[in-house]
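Below you'll find the structure, written out as structure tokens, and then a few comments.
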Amino acid sequence: TEASFVLFSGTSAGSAGARTHADWLADHLEANGTEVMAIFDAANDPAREVLPPEYQAQFDTLYTNLWISGLEGRDYSPWKDESCLGYFGGTDEEWKCNTDSYVIRNHVTTPFFLRQDLRDTTGLAEALGIPLDDYERLTRDSLLGLPSIGETAVESILVAPGVYGPNCAQHVALESTDWWRQATVEEDGTLYTFQDAVVAWYQGAAVSIVDEALVGDSDGPNSDCAAVDDER
């Protein structure tokens with residue numbers, strides 16, 4: 001109750017939890033005058049909108065089935081973003097509230113910063129049969145579109161998200177000093193660590209630092225990747 005500022009973060013699977021709970025936490029701390037911001041690190045799939053049409057239909061079927069099977073396997077309702085369920089609850093589209101890429105682009109009003117490595121492929125690529133090189137490009141397109149979500153979101157998103165997209169085939173970064181404070185991505189001649197990017201965004205700068213998408217396993221041309229660690 002004494003905090004003036006709370007930074008709420010999640011990494012990998014915890015990123016999904018942070019996306020789900022960020023607004024809930026901000027609402028509960030609002031009475032104290034607490035400023036809340038969030039960081040979502042890794043496990044951020046490309047948005048449905050950037051997928052080619054043939055994959056969009058598969059995406060809808062996949063997440064519809066996951067939602068239905070999830071409901072059938074529980075005797076309670078799963079915890080999801082409340083405003084999303086308020087918007088879609090009881091309709092044939094409530095499965096969208098189980099889709100992180102949709103929720104963060106439409107229903108997370110807490111200011112947030114998102115990091116995703118371009119070559120950190122997730123189960124979505126395998127589930128939809130998307131070639132890895134294509135998935136890398138789709139991830140980049142999705143990241144570059146995030147700062148402008150306020151123009152199309154269902155809810156009022158007042159602060160443009162900050163975005164950091166290295167090309168290092170590294171899954172998580174918040175848990176590692178090497179990937180938080182040493183590895184860099186160059187943007188307009190300046191080298192930014194993940195920490196640098198978050199601080200610049202917190203201070204009010206528009207931050208969209210995303211490397212190029214490449215074919216194959218090479219590190220991106222603008223990424224100075226840290227030494228290989230256990231998470232890579």
Practice task
Write down the atom of S156, the atom of T109, and the distance for their closest heavy-atom approach.
Solution key: O-CG2, 3.5 Å
Handout entry: Option from V210, D219, V185, L118 for which side chain to side chain contact (heavy atoms under 4.5 Å, CB included) with N167 holds
Key = L118
Handout entry: Under 3.5 Å side-chain donor-acceptor pair for Y135 and D45
Key = yes
Problem - Pairs involving residues 7-78, ordered by first then second residue, that meet disulfide bond (SG atoms under 2.5 Å apart) (sequence neighbours left out) - result: none
Fill in the blank from the handout: Given the options W79, F112, F40, H21 meets ring pair (Phe, Tyr, Trp, His ring centres under 6.0 Å) only with W79
Fill in the blank from the handout: The complete set of salt bridge (charged side-chain N to carboxylate O under 4.0 Å, His left out) pairs with one or both residues in residues 185-214, sequence neighbours excluded, reads R140-E212
Practice task
Report the residue from F113, Y192, F194, Y164 that forms a ring pair (Phe, Tyr, Trp, His ring centres under 6.0 Å) with W201.
Solution key: F113
Handout entry: Heavy atoms of other groups near E30 CD, more than 12 under 6.0 Å
Key = no
Practice task
Let me see the working for E35 and S4 under side-chain contact (heavy atoms from CB on, under 4.5 Å), right down to the final yes or no.
Solution key: CA-CA 6 Å; E35 180 185 14; S4 60; over 6 Å; no
Exercise for the section: Assess the side chains of T177 and Q182: does a donor N or O sit below 3.5 Å from an acceptor N or O? Expected result: no
Problem - Distance-only side-chain donor-acceptor flag, R181 / Q195, under 3.5 Å - result: no
Exercise for the section: Assess whether side-chain contact (heavy atoms from CB on, under 4.5 Å) is satisfied between Q170 and C225, documenting all intermediate values. Expected result: CA-CA 9 Å; Q170 170 64 19; C225 304; over 6 Å; no
Problem - Donor-acceptor side-chain pairing of W67 and E94 below 3.5 angstrom - result: yes
Problem - Under the side chain to side chain contact (heavy atoms under 4.5 Å, CB included) test, residues paired with T91 that sit two or more places apart - result: F88, E93
Practice task
Measure from the ring center of Y102 to the ring center of H107 and say whether it is less than 6.0 Å.
Solution key: yes
Practice task
Flag yes if L62 and L71 sit in one hydrophobic cluster, no otherwise; membership is Ile, Leu, Val, Met, Phe, Trp, Tyr, and two members link when side-chain heavy atoms are under 4.5 Å apart.
Solution key: yes
Exercise for the section: Determine, using the 4.5 Å side-chain heavy-atom cutoff (strictly less than), whether Y63 and V103 are members of one ILVMFWY cluster. Expected result: no
Practice task
Would you check if the side chain of D100 reaches a backbone N or O of A16 as a donor-acceptor pair within less than 3.5 Å?
Solution key: no
Practice task
Could you verify whether a donor N or O on one side chain and an acceptor N or O on the other, from S101 and R105, lie under 3.5 Å apart?
Solution key: no
Exercise for the section: Answer yes if the ring centres of F5 and Y202 are under 6.0 angstrom apart, and no otherwise. Expected result: yes
Problem - Neighbour count >12 (heavy atoms, 6.0 Å) for atom CD, E151 - result: no
Handout entry: Side-chain (S15) to main-chain (A42) donor-acceptor, under 3.5 angstrom
Key = yes
Exercise for the section: Could you pull out the closest heavy-atom pair between A197 and I209, with the gap in Å? Expected result: CB-CD1, 4.0 Å
Exercise for the section: Start with the C-alpha gap between Q116 and T139, add the side-chain angles, then the distance that decides, and say whether side-chain contact (heavy atoms from CB on, under 4.5 Å) holds. Expected result: CA-CA 8 Å; Q116 178 67 31; T139 297; 3.8 Å; yes
Handout entry: Gap between atom CZ of R19 and atom NZ of K80 - 0.5 Å precision
Key = 10.0 Å
Problem - Under 3.5 Å: donor-acceptor pair, side chain of S176, backbone of D178 - result: yes
Handout entry: Donor-acceptor side-chain pairing of R115 and N44 below 3.5 angstrom
Key = no
Exercise for the section: Is it possible for you to say whether L114 and W180 belong to one hydrophobic cluster, with membership spreading through side-chain heavy-atom contacts below 4.5 Å? Expected result: no
